[in-house]
Number of protein chains: 2
Amino acid sequence: MKIDPKSSADLSAQIAKAIRDAIISGDLIVDERLPSESELADQFQVSRPTVREALKRLAAQNLIRTQRGASGGAFVRRLSYDEAASQHITTSTLLLSMNAVDFETACEARFALERACAPLSAKRRTPDHLATMRAEIHRQAQPGLSDERFCESDVAFHRALVDGAANPVLSYQLAGAVEAMQPLMNMITFTQRNRDVIIGLHTRIANALDAQDSAAADTALAELTAYTLTLGEEAMAARAAAKAQSER
Amino acid sequence: MKIDPKSSADLSAQIAKAIRDAIISGDLIVDERLPSESELADQFQVSRPTVREALKRLAAQNLIRTQRGASGGAFVRRLSYDEAASQHITTSTLLLSMNAVDFETACEARFALERACAPLSAKRRTPDHLATMRAEIHRQAQPGLSDERFCESDVAFHRALVDGAANPVLSYQLAGAVEAMQPLMNMITFTQRNRDVIIGLHTRIANALDAQDSAAADTALAELTAYTLTLGEEAMAARAAAKAQSER
DNA sequence: CAAACATTAAATGTCAGACAAATGAAAATT
DNA sequence: AATTTTCATTTGTCTGACATTTAATGTTTG
C-alpha cells in the first residue's frame, strides 16, 4: 500500500484509494482492523488529519466503520444489501435530477427492468409478497389520499413485485430504478380516473402473479408502462404550458 | 442548514448530511459555490478540520469538487453518467464479493436485466453498436486469448448490447449488473468448445439485432443464460472438488 | 473466591494556530 | 496597451494539544 508523493492529487484522496484498492483486492478482509490513525500517518508519511480525511472518505462509502476507545479503530465493513441499495438510490436520484432526465427515458428504463423481474416473480412470489401488493392496492384506493402518498404506495407495490423474484441482486439493482422515479412521478397530478386505471392494472398484475401467469403479468405491465407514459407526457405538457403562461 | 450538537454522531457526518440534503433538495444547485471552509466552520460552530472532514465525505461521493486559490472553494458538482456508473460498479462488485453471492443469483439477475434491454436495442441499435459487437465477437475468436481477456471482451459485447437501447438511464443501471459479474466469470475456465458455443450465440444475438428481430434476440439470450449457468455450475463444482482434494 | 469498583491506557473526535501552495485579480511597470 | 509584479484569498498540510470513549487491568470489598 503506497502513495505517489509527486502526484498532483490530494494526499488524502491517494491514501483513500490505496486502502480502497486493498479492500477490493481482498488484501483487507471484512471486520479486519486497520492500523490506528497515528500508525497510518507514519506508514504514509503524512500527518494524522490527512489520514483522517482519507478515512472519512472511505466511511462515506460505507467501506469502513470506526469505533472509539481502547481496542477501537477503523474496521473493514461488510457492505449490506440495504446500505448498497440506499447508496444506489441516492446516486440514481441525484443523477436524474441533476441531468434533467426526461420522464420518458426514466420511465422506459424503469418498466423495462421491472418487466424483466415479472417472470421470476410469477414463479417465486410468496404469500407475503402478494399480501403486501394487495395491501398497497387497498391503500391506493383510499379516498383523500394525497398524490405524494399515492406515489409512495406505488413504489411499495412495485418493490414487492421486484422482491417477489427472490433475487437480492435483482432487488438491489431495481431499487435504484424504481425509487429514483419517485420525484418525477410526484410531478403528476393523479385524478380519480387516473388512479382507478392504475389500481385496475395493479390488481391485474397481482392476480397474474397469484396465478403464476407470467404472460398476463407482462401484458398488464406493458399496459401500465404505456399508461404511465401518457400521464407523464400530459403532466410535462401542462407544466410547459403553465411556464409559458407565467412568462407572458 | 443546521446540526444537532446533542447527537451522538460525528460532527463531520452531521455536517456532511446537512450539505448533502441541501444538494438533494435543490437548495444548492449545480456549480454553486459553497462558503469557504472558515465560513462553514463559523456557521456550524466547529473547527476547520471538522468541516474539511465533512467536505471530504461529500467529495468521496462526487457531490462536490474543490479548487484551490483565490475564487476557489468547494462547488456542487454535476454527477455525470460515467461517474455514477463507475460508483455503481464499485459498489456492486464489493457487494457481490463481500456477501459471497453465488454465481447463479448474480447470473440470473444480469441476464434478466439484459433481456429487458434486447427489445429496445433491436429497435434502436446504430451501426456503431453493431460494429462494436462484431469486433468483440472477432476478438473472442482469436486463438491464444486468455480467459481474462475473453471475459473482458464478453463484458464489452454486452455493454454494446445495452447501450444499443439508447437509454442512458438503462445503461447506467445495467453497468453495475454486467461489470460486477466479471470477477465471478473469471473463475470459469473457458475451453475452446465453450468459447465456440458462446461466440455462436453472440453472433446470433448480433444478427438478430441487425435484423431488428427482437424475438430471435430474446431466444438467443435465453440460451446464453442457460449455457452460462451450466458453465458456472461446473466451475463451482470443480472448485469444490479441488478444495475437498486439498483438504484430504 | 468472586463481584463490584476504580484506574489506566489506547484510540478516535475535536480544536487552535500556523505555514505552504495555488490562483485569480488588481496594481505597477515597461 | 501589454506585460509583469504584487497581493489577498482559499484550499492543502502539519504540529501539538485536549476531550471523550471504551476495554482491559488492578484493587477493594463482601
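For the numbers below, each heavy atom of this structure counts, side chains included, while hydrogens, waters and symmetry mates do not. In what follows, chains carry the letters A, B, and so on, assigned in the order in which the sequence lines appear, proteins first and then strands, with residues in each chain numbered from 1.
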Item to complete: Could you tell me which residues satisfy side-chain hydrogen bond (donor to acceptor under 3.5 Å, both in side chains) with Asp27(B), sequence neighbours excluded, listed by chain and number?
Response: none
Fill in: Euclidean distance, atom CZ of residue Arg65(B) to atom P of dT23(C) [Å, nearest integer]
13 Å
Practice prompt. Please list, chain by chain and in numerical order, all residues satisfying side-chain hydrogen bond (donor to acceptor under 3.5 Å, both in side chains) with Gln140(B), sequence neighbours excluded.
Written response: Ser153(B), His202(B)
Response to the item:
Sorted by position of nearest nucleotide on DNA chain D, 5' first, the leading residue of Glu53(A) and Glu39(B) is Glu39(B)
Fill in: d(CG, Asp42(A); P, dC14(D)) in whole Å
12 Å
Worksheet item: Atom CG of Leu40(A) and atom C1' of dG13(C): how far apart are they, to the nearest Å?
Response: 16 Å
Worksheet, complete the sentence: The correct set of residues in residues 28-35 of chain B placing a heavy atom under 4.0 Å from DNA chain C is none
Contact list (N/O, under 3.5 angstrom) for nucleotides 15-17 of chain C vs protein:
from: dC15(C); atom 1: OP2; to: Ser47(B); atom 2: N; distance (Å): 3.0
from: dC15(C); atom 1: OP2; to: Ser47(B); atom 2: OG; distance (Å): 3.1
from: dC15(C); atom 1: OP2; to: Thr50(B); atom 2: OG1; distance (Å): 2.8

Fill in: For Glu152(B), all residues meeting salt bridge (Lys or Arg N to Asp or Glu O under 4.0 Å), sequence neighbours excluded
Arg139(B), Arg149(B)
Worksheet item: What is the distance, rounded to the nearest whole Å, between atom CZ of Phe44(A) and atom C1' of dT13(D)?
Response: 16 Å
Could you give the side-chain donor-acceptor pairs of residues 59-72 of chain B under 3.5 Å, partners two or more places apart or in another chain?
from: Gln61(B); atom 1: OE1; to: Arg20(B); atom 2: NH1; distance (Å): 2.4
from: Asn62(B); atom 1: ND2; to: Gln87(B); atom 2: OE1; distance (Å): 3.4
from: Arg65(B); atom 1: NH2; to: Asp31(B); atom 2: OD1; distance (Å): 2.9

Item to complete: Grab the CZ-C1' distance between Arg57(A) and dG12(D) for me, whole Å please.
Response: 11 Å
Worksheet, complete the sentence: Here the pair of heavy atoms bringing Ala85(A) nearest to Ala175(A) is CB-CB, 4.3 Å
Discussion item. Suppose we screen for ring-ring contact (aromatic ring centres under 6.0 Å, His included). Which residues come up paired with Tyr172(B), at least two apart in sequence or across chains?
Written reply: His88(A), His88(B)
Worksheet item: Looking at residues at least two apart in the chain, or sitting in another chain, which of them share a ring-ring contact (aromatic ring centres under 6.0 Å, His included) with Phe150(B)?
Response: Phe190(B)
Fill in: Salt bridge flag under 4.0 Å for residues Glu114(A) and Arg110(A)
yes
Discussion item. From NZ of Lys56(B) over to C1' of dG12(D), roughly how many Å is that when rounded to an integer?
Written reply: 8 Å
Please list, for nucleotides 22-26 of chain D, all pairs of protein and nucleotide N/O atoms separated by less than 3.5 Å.
from: dT22(D); atom 1: O2; to: Ala70(A); atom 2: N; distance (Å): 3.0

Worksheet, complete the sentence: The salt bridge (Lys or Arg N to Asp or Glu O under 4.0 Å) partners of Glu179(A) (sequence neighbours excluded) come to Arg159(A)
Discussion item. When you measure from the side-chain N and O atoms of Ser38(A) to the phosphate of dA11(C), is any distance below 4.0 Å, counting only OP1 and OP2?
Written reply: no
Discussion item. Holding to salt bridge (Lys or Arg N to Asp or Glu O under 4.0 Å), I want the full list of residues that pass it with Glu108(B), two or more places apart in sequence or in another chain.
Written reply: Arg124(A)
Item to complete: Could I get the full list of side-chain hydrogen bond (donor to acceptor under 3.5 Å, both in side chains) partners for Ser36(A), not counting sequence neighbours?
Response: Glu39(A)
